[in-house]
Structures are given as C-alpha cells and as structure tokens.
Amino acid sequence: MTLPLQANLIGIETAPADCVNDPEKDQLVHEVIRQVAGTQWLEDDKVVPMFIERYKNWINSTQLNKVNGLDTFPSVTYSQGTTESFDKFYIRNHKRRFRCHRGEYLYHELTWKANGYNWAYIDDEPLAENDAVVCSFPFADTGNQKHTKELLDRCAERGIPVLFDCAFFGICAEHNFDFSHPAITDVCFSLSKPFPVYGMRIGIRFSKDKEDGLNIYGNTHYVNKFGAAVGVRLFEHQGPDDIYNAYRAQQVDWCKEYKLVPSQCVTFGLDFDHRYDNHNRGSKDSNRICFAKFFNKGYLPL
C-alpha cells in the first residue's frame, strides 16, 4: 500500500490513491515475477523496446477513452513509474518557475521546496513566459479533467512546456487524451494503479526532448529490464478498461450511499459538500475518497 505524503492524511485508510485490493491480481503478479525471474530477459536488450511497443498498444486499445497524439513524440523511454519522468522534467526546466494546480500530487511541491526551485500555484497567479507546468490527467485530486484548452493555448503562446502525468490511466473512462497540443512536451504513464506493482516502478515516458538523462541511459540499455519484462507479461492479462468495467457499479452504489459524486476514475468518490474535509488534499472545492482497498471487502470505513 502507498502512504500519503500529506501529514493530515496519515492513518486514513481511504486517503491514498491505491490500486484495487484483489487477491487474484496479487497472485497473478507473483506468478509473473516468478516466470520472469526464470528467464534470460534481464540479459536481453530487446525487452525494453518490446515493453515500449506493448505499452503503446495497451494504451491505444482503450474503448472507454479516446487517445490521440502519442505518435507525435520522437522520444519514448522506460521510466521508473511517473516519478522519474517528473525529476527529468525538473532538471531540464530548473531555471523556470514551476506551476501546478492546488490538489496536485504533493510530490511536486515537496520536491520544488526541497531544491529551492521557484514555483507557484496556477490558481494564484497568471502564467508567465518563464514558467513550466505540471498537470496530472486525470487530475490527482478528482480523477476528472482539471486543465483546459485555454490553459494549454496560453502555454503554447508563451513557450511554456507542459508535462502530463497520466498515472491514473487504466482505471478511468470518458476522457479525451489528446496529446497533440503543441504545448505538451512530456507525457508519462505508470502501471501502479491498474496493477498491484507500485513497488516495481514500471512506467513509460513520451517526450519531445531527445537529450535528457532518460534518453542517455535508455539508449545504452541501462534500465530496469526486470520491470519491463513484468510489464510485457501483465499486458497479456488485463486491458486498460478492465478495472473500470469491473467496479463501476460498486463505485456508483457507494457514492449514492455516502452522498459522493462518482469520479471518472473508478476508485474514487468525490465530496463537494465538505462532509469529509479530513480527506482534503489541498483543493478548496473537493475531497477525494479512495475505494480501492475495499471493493473486494464489501465495506467502506467512512
């Protein structure tokens, strides 16, 4: 289980954005790990290109969302979850002022503060030419869409690079993932929400930059081949829409019972009436409750 970065959320079981707790999925991952450990894939330089190709096909196979524009990025690399892609984005843009919305994944704010980077919430100040924007899509605080086309247009006009964090892809529906906008320079995905592999750091990054660290050691095959091999096998067992289809009815039922609004990410219920302010992650408007650990237990500790 992941632990919340916010001190006020520690100890609240429905706060972290966990993967669905499913003993069958846990067993599948353990079996895949045993299979991979018994092969020579760690010595095979073809495993990462295979992972990248399978991951792209997996993303594009969604029937519940629309995906467009990933083929416009010249660089596609393995990433240790989405987090490694964040760090490379920070390094490339360290002279800029970083921007994000309130309620964004707190890792960004904590890292910017720890490194003395200049930053500000998008909600508080207008965008400026020397900014760099990070935005989760689906948005970390709601599982819905936070950014607007107008925001991206302003970024393009001012030459502001934008990173999209798509860590919640694989548990969502009814999103239009259009990555063709010229402002978007980086897009990253992770398998830690659709599969119980958060400790294995399996992800992918699409970028318009060909020169940063991910590309340098990716080109020399100095990457996590074990994670890539596990990812290749997992794609064979579960599609990007399966989690949503399996738990959507239960999500809707629990939202009705607890007076929440169903998120476009199936593991979340949203509180816009301040009933659950102990779950607040920084947004002034909403609170996010995560059902993932409890779908298969049949109860919700609220």
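The first residue in the sequence is number 1, and the count goes up from there. Hydrogens, waters and symmetry mates play no part in the numbers below; they use all other heavy atoms, side chains included.
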Please report the shortest heavy-atom distance between [X] and [Y], naming the atom on each side.
X    : Y    : result
I216 : E211 : CD1-O, 3.7 Å
C265 : S263 : N-OG, 2.9 Å
D271 : H274 : OD1-N, 3.1 Å
N68  : D178 : ND2-OD1, 3.1 Å
Q145 : H147 : NE2-O, 3.0 Å
Y78  : R201 : OH-O, 3.0 Å

Kindly write out the residues that satisfy side chain to side chain contact (heavy atoms under 4.5 Å, CB included) with [X], not counting sequence neighbours, or none if the list is empty.
X   : value
Q63 : D241
N21 : D26, K297
E53 : K56, N57

Look up atom [atom1] in [X] and atom [atom2] in [Y], then write down how far apart they are to the nearest 0.5 Å.
X    : Y    : atom1 : atom2 : answer
L260 : L302 : CG    : CG    : 7.0 Å
I204 : W58  : CD1   : CH2   : 11.0 Å
Y117 : Y90  : OH    : OH    : 9.0 Å
L106 : T111 : CG    : OG1   : 8.5 Å
F189 : I59  : CZ    : CD1   : 4.0 Å
L270 : I289 : CG    : CD1   : 7.5 Å

Evaluate the criterion side-chain contact (heavy atoms from CB on, under 4.5 Å) for residue pair R92 and T185; output intermediate values, then yes/no.
CA-CA 11 Å; R92 293 206 319 267; T185 62; 4.2 Å; yes
Check: [X] side chain, [Y] main-chain N or O, donor-acceptor pair, under 3.5 Å:
X    : Y    : value
D141 : R102 : no
R96  : E129 : yes
Q251 : Q264 : no
D131 : A128 : yes
D44  : K46  : yes
R99  : E125 : yes
N130 : K95  : yes

Would D153 and H181 satisfy side-chain contact (heavy atoms from CB on, under 4.5 Å), going step by step from the backbone distance to the final call?
CA-CA 8 Å; D153 288 344; H181 197 285; 2.7 Å; yes
Under a 4.5 Å cut-off applied to non-hydrogen side-chain atoms, are [X] and [Y] in contact?
X    : Y    : answer
P196 : D22  : no
P16  : C290 : no
R205 : S75  : yes
R233 : E236 : yes
R248 : P262 : yes
V48  : H221 : no
D18  : T267 : no
R275 : Y258 : no

Under 4.5 Å between side-chain heavy atoms, counting indirect links through other Ile/Leu/Val/Met/Phe/Trp/Tyr residues: same cluster for [X] and [Y] or not?
X    : Y    : result
I243 : V32  : no
V76  : Y222 : yes
L234 : V36  : yes
F86  : L110 : yes
Y198 : V20  : no

Please work out whether the ring planes of [X] and [Y] are parallel, tilted or perpendicular, with thresholds of 30° and 60°.
X    : Y    : result
F137 : F177 : tilted
F51  : Y55  : perpendicular
Y247 : F295 : parallel
F98  : W112 : parallel

Pair [X], [Y]: side-chain N/O donor-acceptor within cut-off below 3.5 Å:
X    : Y    : value
S283 : R288 : no
S286 : T142 : no
E104 : Y121 : no

Chi angles and distances behind the salt bridge (charged side-chain N to carboxylate O under 4.0 Å, His left out) call for K225, D45
CA-CA 8 Å; K225 294 180 183 178; D45 288 341; 2.7 Å; yes
For K66, is the NZ atom crowded, meaning more than 12 foreign heavy atoms sit under 6.0 Å from it?
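No, NZ of K66 has 12 or fewer neighbouring heavy atoms, counting only those of other groups under 6.0 Å.
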Within 6.0 Å of NE2 in H237, more than 12 heavy atoms from elsewhere:
yes
Pairs in or reaching into residues 67-77: which pass salt bridge (charged side-chain N to carboxylate O under 4.0 Å, His left out), with residues at least two apart or in two chains?
none
List the steps and the verdict of side-chain hydrogen bond (donor to acceptor under 3.5 Å, both in side chains) for N245 and D242.
CA-CA 5 Å; N245 287 331; D242 291 357; 5.0 Å; no
Test of understanding: with ring-ring contact (aromatic ring centres under 6.0 Å, His included), list the residues that count as partners of F89, not counting sequence neighbours.
none
Name every donor-acceptor pair, under 3.5 Å, that has one atom in a side chain of residues 156-175 and the other anywhere in the protein, sequence neighbours excluded.
{"from": "R158", "atom 1": "NH1", "to": "R154", "atom 2": "O", "distance (Å)": "3.3"}
{"from": "D165", "atom 1": "OD1", "to": "A167", "atom 2": "N", "distance (Å)": "3.0"}
{"from": "H175", "atom 1": "NE2", "to": "G143", "atom 2": "O", "distance (Å)": "3.0"}

Show your reasoning for whether side-chain contact (heavy atoms from CB on, under 4.5 Å) applies to Q250 and F291.
CA-CA 9 Å; Q250 192 169 355; F291 304 150; over 6 Å; no
Applying side-chain contact (heavy atoms from CB on, under 4.5 Å), run through F206 and T72 and close with a yes or a no.
CA-CA 9 Å; F206 299 80; T72 64; over 6 Å; no
Using the side chain to side chain contact (heavy atoms under 4.5 Å, CB included) rule, pick out the option among T77, D186, I184, D212 that qualifies with S207.
D186
